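These numbers come from a predicted model, not from an experiment. All ligand and atom numbering here is 1-based and tracks the order in the structure.
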Amino acid sequence: MLKDCIPVNKTEKDLNKKRVIIVGGGAAGMMAAGQAALGGAEVLLFEKMNQLGRKLGISGKGRCNITNTAPVADFIEEFYPSGLFLRQAFSRFFSDDLISFFEEFGLPTVSERGGRVFPASGKATDVKNVLIRFIEKAGVKINLNSPVKGLIIKNNEAVGVKVLEPTSSITGKTKNESGKETKYFSDAIIITTGGLSYPATGSTGDGYKFAKSAGHKINQTRPALVPLEISGNIVSKLAGLHLRNVRVKILTNDIKLKDTFGEMEFTNFGISGPIVLTLSRYVVDALNLKQKTSLSIDLKPALDEQKLDKRLIRDLEQFGRQQISKILKNLLPQQLIPVCLDETKISPKKAGHQITADERKRLKLWLKDFRLDVTGYRPFSEAIITAGGVSTKEINPRTMESRLIKNLYFAGEILDVDGNTGGYNLQAAFSTGWLAGRCAAKYF
Ligand SMILES: Cc1cc2nc3c(=O)[nH]c(=O)nc-3n(C[C@H](O)[C@H](O)[C@H](O)COP(=O)(O)OP(=O)(O)OC[C@H]3O[C@@H](n4cnc5c(N)ncnc54)[C@H](O)[C@@H]3O)c2cc1C
């Protein structure tokens, strides 16, 4: 693929060269820009920050989980409200293509637990730098500090953008203080401005305004893959505690909505960690509907109630002379023991042989159903992704072109498809960017 970086048949194409504008230089925007340029288009990329790919650089805790090795059918299942919209994009450019793309740019990858794929170097910045090299080589004209302020649409056709110019030439450090707007005209425009999460990286929802001005429906945006807030003083007691191999259930109005197994952690405001992030989309929607929402943690999912009871009987007999607070060390992390005894109303000083059948029952039930009332969720600034966005019903999944406005394309997180953690969101950004870039440049 590296050899393809020289735009094909440049001289022939120069005669009838397409001009493509890309709005936003993140994962989707850079992939779209490079592909359009490979197709012989003259590509102008406008990025409002002073650097490209800021979010990419911090993704995956600095390691960047670029994709997942799951087969396409399973991959699609990881998206909401429906991953089916992505099927066409994945059929054109999928995880193996993405892995080859990075490998051909000298960035080998490794696959880890759960099929998660990372650069072998372990550095997200390497992923970002490959993409920058890719678009530079492909001949994309990069404009930093250049926020797009609006679209120019004529007769239901996107013909250009209005850009707030930087004060001086692009140095990577200039600020766009001039207040002067310049119009740029083109044959196609691709909006890749991302969502609303981590706005400090540049994604502040501008693209939704552009889409709306073009007549597109924006499905309600809300934080997703987001930590949750918990009521009561439990939080201060448990902050910093990591739990592994637990099963967590969400209950709305005391009815089970969803459950999952894995790791979670307590923070100074509530809970986070992989399973909490995964379940958060359901919690956010339930809370927005004002439903009473709680989490039930099964701290011993490998033991059913009967087996757990036998285990408790054994421990209480074997260590009958020890205090219950000490005996529980065999079953629970130290930080949880005072919370457990407080909630089950058992004196920590009681010896094992003094624990009554009723107290043992309370212990067993608590270990299988440690309840936390969820009171809220953290803001967009702490959400890994944005749920909602440009309705996919108005986008052609074969091309990423708007069904309402000709020559207007969308790719990446701005679309109303969001995935679980595991590399799914970046693959979606790369695949939709790839498709939009090629289709905008008519490069098939
Ligand atoms: C902390 C964190 C970690 C993550 N880790 C992973 C991970 O490991 N794996 C994974 O799959 N996903 C991960 N994600 C999600 C993933 O990074 C995003 O889904 C993905 O980057 C979206 O790509 P995008 O190109 O659509 O948008 P973005 O990467 O947000 O890029 C949008 C770009 O558009 C620019 N822009 C916005 N408005 C304008 C405007 N008006 N004019 C010009 N430019 C504009 C922005 O400055 C930005 O550079 C993570 C997200 C976060 C926040």
Side-chain angles (χ1 to χ4, degrees), residues 21-33 44-68 75 78-79 95 98 112 114 116-119 122 124 127-128 131-132 142-151 161-164 166 176 184 189-211 223-227 274 277 378 380-387 389-390 400 410-415 417-434 436-437:
I21 285 178
I22 316 280
V23 186
M30 285 196 272
M31 184 55 87
L44 291 180
L45 168 59
F46 293 106
E47 166 54 53
K48 75 171 175 188
M49 304 299 278
N50 65 7
Q51 56 173 284
L52 296 166
R54 279 195 72 174
K55 192 173 279 179
L56 258 179
I58 59 160
S59 62
K61 296 191 173 143
R63 295 180 62 218
C64 192
N65 179 193
I66 56 167
T67 187
N68 196 287
F75 215 103
E78 299 287 338
F79 288 89
S95 48
L98 187 68
E112 297 185 1
R116 291 161 192 253
V117 180
F118 295 88
V127 172
K128 179 173 88 170
L131 286 159
I132 294 174
I142 302 165
N143 300 283
L144 300 176
N145 296 298
S146 302
V148 169
K149 291 309 221 184
L151 301 178
V161 294
K162 289 179 240 164
V163 181
L164 192 61
N176 33 276
Y184 289 84
I189 295 159
I190 308 178
I191 312 284
T192 49
T193 46
L196 283 158
S197 54
Y198 276 65
T201 63
S203 45
T204 49
D206 299 6
Y208 301 132
K209 290 178 215 141
F210 307 152
L225 301 182
V226 67
L277 297 182
R378 301 301 278 175
F380 276 114
S381 55
E382 294 174 40
I384 302 289
I385 44 156
T386 304
V390 174
M400 296 295 137
F410 293 90
E413 199 175 315
I414 188 172
L415 294 164
V417 261
D418 58 282
N420 282 325
T421 54
Y424 303 104
N425 288 298
L426 277 174
Q427 180 68 53
F430 288 127
S431 295
T432 54
W434 186 97

Report task. Considering only non-hydrogen protein atoms, determine which one is nearest to atom 9 (N) of ligand 1 and report residue, atom name and distance to 0.1 Å. Result -> N65 O, 2.9 Å
Query raised in the report: Just which atoms of ligand 1 are under 4.0 Å from any heavy atom in P147?
Result: 42 (N)
Report summary line: Quick look: T193 vs ligand 1, heavy-atom contacts under 4.0 Å, and the answer is both
Report summary line: Note: T201, heavy atoms under 4.0 Å from ligand 1, region reported as backbone
**Report entry** T204, any N or O under 3.5 Å of ligand 1 N or O
**Finding:** no
**Report entry** Residue part near ligand 1, for F46, under 4.0 Å between non-hydrogen atoms
**Finding:** backbone
Query raised in the report: Are F46 and Y184 near enough that their ring centres are under 6.0 Å apart?
Result: yes
Query raised in the report: Considering only heavy atoms, does T192 approach ligand 1 within less than 4.0 Å through its side chain, its backbone, both, or neither?
Result: backbone
Query raised in the report: Does D206 offer a backbone N or O that forms a donor-acceptor pair with the side chain of T193 under 3.5 Å?
Result: no
**Report entry** Heavy atom of the protein closest to atom 27 (O) of ligand 1 (residue, atom name, distance)
**Finding:** G194 CA, 3.3 Å
Query - Short side-chain donor-acceptor distance under 3.5 Å, K48 and T204 - result: yes
Query raised in the report: Which pair of heavy atoms, one from F210 and one from I191, lies closest together, and at what distance?
Result: CD1-CD1, 4.2 Å
**Report entry** Atoms in ligand 1 with a heavy atom of G412 nearer than 4.0 Å
**Finding:** 26 (O)
Report task. Report yes or no: does L56 have a heavy atom closer than 4.0 Å to ligand 1? Result -> no
Report task. Answer with yes or no whether the side chains of K55 and S203 bring together a donor and an acceptor at under 3.5 Å. Result -> yes
Report summary line: Judged by heavy atoms only, the candidate from K55, K61, R54, E413 nearest atom 17 (O) of ligand 1 is K55
Query raised in the report: Counting only heavy atoms, which portion of E47 has something under 4.0 Å from ligand 1: side chain, backbone, both, or neither?
Result: both
